[in-house]
**Student:** 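Before I ask anything, let me first share the structure, which is written out below as structure tokens.
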Amino acid sequence: MTTDRTPRPGLSGDSIRARLLDRALTTAIARAGTPGRIRFTERQLYYEMCRVLRPVHTVPRRVPLTPVPPLRYERFEETLRRRDGETPGLLAPLPAAPSVQHQPAEPDLYDYGLPRLLVCQSRSVARMLLANDLHLEAACPVFAADDAPLDPRLVAGLSRVDGATVHVLHDASTTGIALTARVRAEVPGIRVASMGLVPRHATALHLISQRGTAPTPATAPGPAGAASGLEPRELEWLADGRTAEVESVPPARLLRTVLRMVRGPRASGYSVWTGLRELRTAGFMTWPSD
């Protein structure tokens with residue numbers, strides 16, 4: 001008796017892996033756009049697919065964890081290219097010379113005071129926030145760090161408002177943490193607040209962590225990092241060459257957290273009932289602030 005050991009078409013190991021990745025990508029697309037048809041970047045979709053393949057985000061938050069990616073980015077791109085048609089919610093790649101700045105519709109709007117402004121380390125993140133109308137909901141212009149120096153008219157608008165704040169959204173990396181000091185030097189006399197990420201956020205949220213070259217003494221946070229509130233274990237995390245991108249935060253959580261932190265304390269008209277209505281769509285989890 002003989003047995004035909006010739007692999008059947010479509011049942012090879014590579015074919016099975018491709019099918020599994022296709023299914024994981026479909027699940028990731030649905031999760032990334034939930035709730036309310038959120039627009040997201042390609043890297044955000046990649047990290048969402050990593051969470052589908054390895055759901056470490058379900059581990060209790062008291063367990064510090066920043067896992068390595070379970071999937072190479074190149075393999076993710078291959079899977080994405082196999083899809084037929086458009087991917088709902090996925091933003092198109094950035095153009096060669098992008099501009100994500102939110103410019104006032106009328107020049108005379110520069111004459112008014114500006115209570116808040118958001119600077120993002122990543123141009124892709126700034127574009128994603130704008131695509132989801134965060135600048136309208138928070139009444140806050142959104143810029144990328146590459147747009148610096150800021151328009152002098154914007155800086156003048158900030159100086160007209162007591163307590164005006166420039167919020168800085170950056171990666172958990174030595175470069176990202178240094179961005180806050182860089183922005184502070186560009187807007188003297190105006191409050192500059194780091195929104196994160198920092199290593200403790202990344203470990204508590206179990207964000208996917210990349211590992212690169214350890215920083216040199218010239219680029220390491222050192223005393224400045226300690227002065228900015230980083231704990232010794234966070235400095236060790238950075239010294240090990242680890243980074244966690246803002247785009248590794250789930251899109252819905254990112255929008256929810258940035259909106260909450262940019263808006264600041266709730267207005268006096270806030271009530272328990274309005275809070276309960278918000279919880280139906282916003283959820284109750286936010287990344288830690290301490």
Side-chain angles (χ1 to χ4, degrees), residues 28 32 40-77 119-126 128 144-146 167-184 193-251 253-254 257-258 261 285-290:
F40 49 86
T41 69
E42 187 173 292
R43 288 197 72 81
Q44 286 178 315
L45 180 57
Y46 164 68
Y47 285 115
E48 194 64 56
M49 187 171 173
C50 288
R51 281 187 287 272
V52 173
L53 295 172
R54 186 180 294 168
V56 292
H57 60 286
T58 60
V59 177
R61 296 177 67 181
R62 63 178 177 274
V63 180
L65 184 64
T66 49
V68 297
L71 178 71
R72 291 184 298 107
Y73 197 82
E74 295 76 14
R75 194 66 186 272
F76 159 76
E77 290 180 312
V119 176
C120 303
Q121 178 184 357
S122 166
R123 185 175 292 279
S124 294
V125 169
M128 178 263 184
D146 291 344
H167 298 274
V168 182
L169 179 62
H170 56 77
D171 297 338
S173 65
T174 54
T175 302
I177 291 169
L179 177 61
T180 302
R182 194 185 99 191
V183 173
R184 187 173 288 119
S194 170
M195 190 178 292
L197 295 169
V198 293
R200 62 178 174 270
H201 297 153
T203 55
L205 293 175
H206 305 152
L207 299 181
I208 299 293
S209 169
Q210 308 283 351
R211 187 186 294 272
T213 304
T216 64
T219 60
S228 65
L230 294 181
E231 301 172 356
R233 62 180 181 177
E234 294 182 276
L235 296 174
E236 293 175 3
W237 190 89
L238 293 169
D240 200 29
R242 291 181 177 274
T243 62
E245 297 178 336
V246 169
E247 285 175 287
S248 65
V249 179
R253 183 189 292 272
L254 177 64
T257 303
V258 172
M261 297 182 75
M285 297 296 289
T286 57
W287 75 44
S289 59
D290 53 22

**Student:** Just so I know, are the side chains of Val168 and Thr180 near enough to count as touching, which here means a heavy-atom distance under 4.5 Å?
**Tutor:** yes
**Student:** Shortest non-hydrogen contact from Cys50 to Pro69?
**Tutor:** SG-CB, 4.4 Å
**Student:** Closest heavy-atom contact between Leu205 and Arg253?
**Tutor:**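 It is CD2-NH1, 3.8 Å.
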**Student:** What is the minimum heavy-atom distance between Gln121 and Ser173, and which atoms define it?
**Tutor:**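 Between these two residues, the closest heavy atoms are NE2-OG, 4.4 Å.
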**Student:** Side chains of Arg43 and Tyr47 only: does a donor on one sit below 3.5 Å from an acceptor on the other?
**Tutor:**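 Yes, because at least one side-chain N or O of Arg43 sits under 3.5 Å from a partner of the opposite role on Tyr47.
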**Student:** What distance separates Glu234 CD from Glu231 CD, expressed to the nearest 0.5 Å?
**Tutor:** 5.0 Å
**Student:** Would you say the side-chain atoms of Thr66 and Trp237 include a donor-acceptor pair closer than 3.5 Å?
**Tutor:** yes
**Student:** Verify whether one side chain among Ser122 and Glu245 offers a donor that lies under 3.5 Å from an acceptor in the other.
**Tutor:**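 Checked: Ser122/Glu245 side chains show no N/O donor-acceptor pair below 3.5 Å.
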**Student:** Within a strict 4.5 Å, meaning less than it, do heavy atoms of the Thr243 and Ser209 side chains meet?
**Tutor:** no
**Student:** Any heavy-atom pair between the side chains of Arg233 and Thr203 that's under 4.5 Å?
**Tutor:**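 SC-SC contact between Thr203 and Arg233 ruled out.
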**Student:** Which heavy atom in Ala244 sits nearest to a heavy atom in Ala202, and how many Å separate them?
**Tutor:** CB-CB, 3.7 Å
**Student:** To the closest 0.5 Å, what do you measure between OG1 (Thr174) and CG (Leu235)?
**Tutor:**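 If I round to the nearest 0.5 Å, the distance is 11.5 Å.
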**Student:** Between OH of Tyr46 and CZ of Arg75, what distance do you get to the nearest 0.5 Å?
**Tutor:**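 Tyr46 OH to Arg75 CZ: 12.5 Å, rounded to 0.5 Å.
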**Student:** Taking all non-hydrogen atoms of both residues into account, name the closest pair between Met195 and Leu169 and its distance.
**Tutor:** SD-CD1, 4.1 Å
**Student:** To the nearest 0.5 Å, tell me how far Arg182 CZ sits from Thr175 OG1.
**Tutor:**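 Reported value, rounded in 0.5 Å steps: 10.0 Å.
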**Student:** Are the side chain of Arg54 and the backbone of Val68 linked by a donor-acceptor contact shorter than 3.5 Å?
**Tutor:**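 Side chain of Arg54 to backbone of Val68: a pair is present.
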**Student:** Taking the side chain as everything from C-beta on, heavy atoms only, tell me whether Glu48 gets closer than 4.5 Å to Pro251.
**Tutor:**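 The answer is yes; the side chains approach within 4.5 Å.
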**Student:** Which distance, rounded to the nearest 0.5 Å, do you find between the CG of Leu254 and the OG of Ser248?
**Tutor:** 9.5 Å
**Student:** Hey, what do you get for CG (Leu71) to CD (Glu77), rounding to the nearest 0.5 Å?
**Tutor:** 10.5 Å
**Student:** How about Phe76 and Glu42: do any of their side-chain heavy atoms sit closer than 4.5 Å?
**Tutor:** yes
**Student:** Can you give me the closest heavy-atom contact between Val249 and Gln44, atom names plus distance?
**Tutor:** O-NE2, 4.4 Å
**Student:** Would you say Arg51 and His206 make side-chain contact, with heavy atoms under 4.5 Å?
**Tutor:** no
**Student:** Check whether any side-chain heavy atom of His170 sits under 4.5 Å from a side-chain heavy atom of Ser194, and report yes or no.
**Tutor:**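 Yes, side chains in contact.
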**Student:** Does the side chain of Leu238 come within less than 4.5 Å of Ile177's, by heavy atoms?
**Tutor:** yes
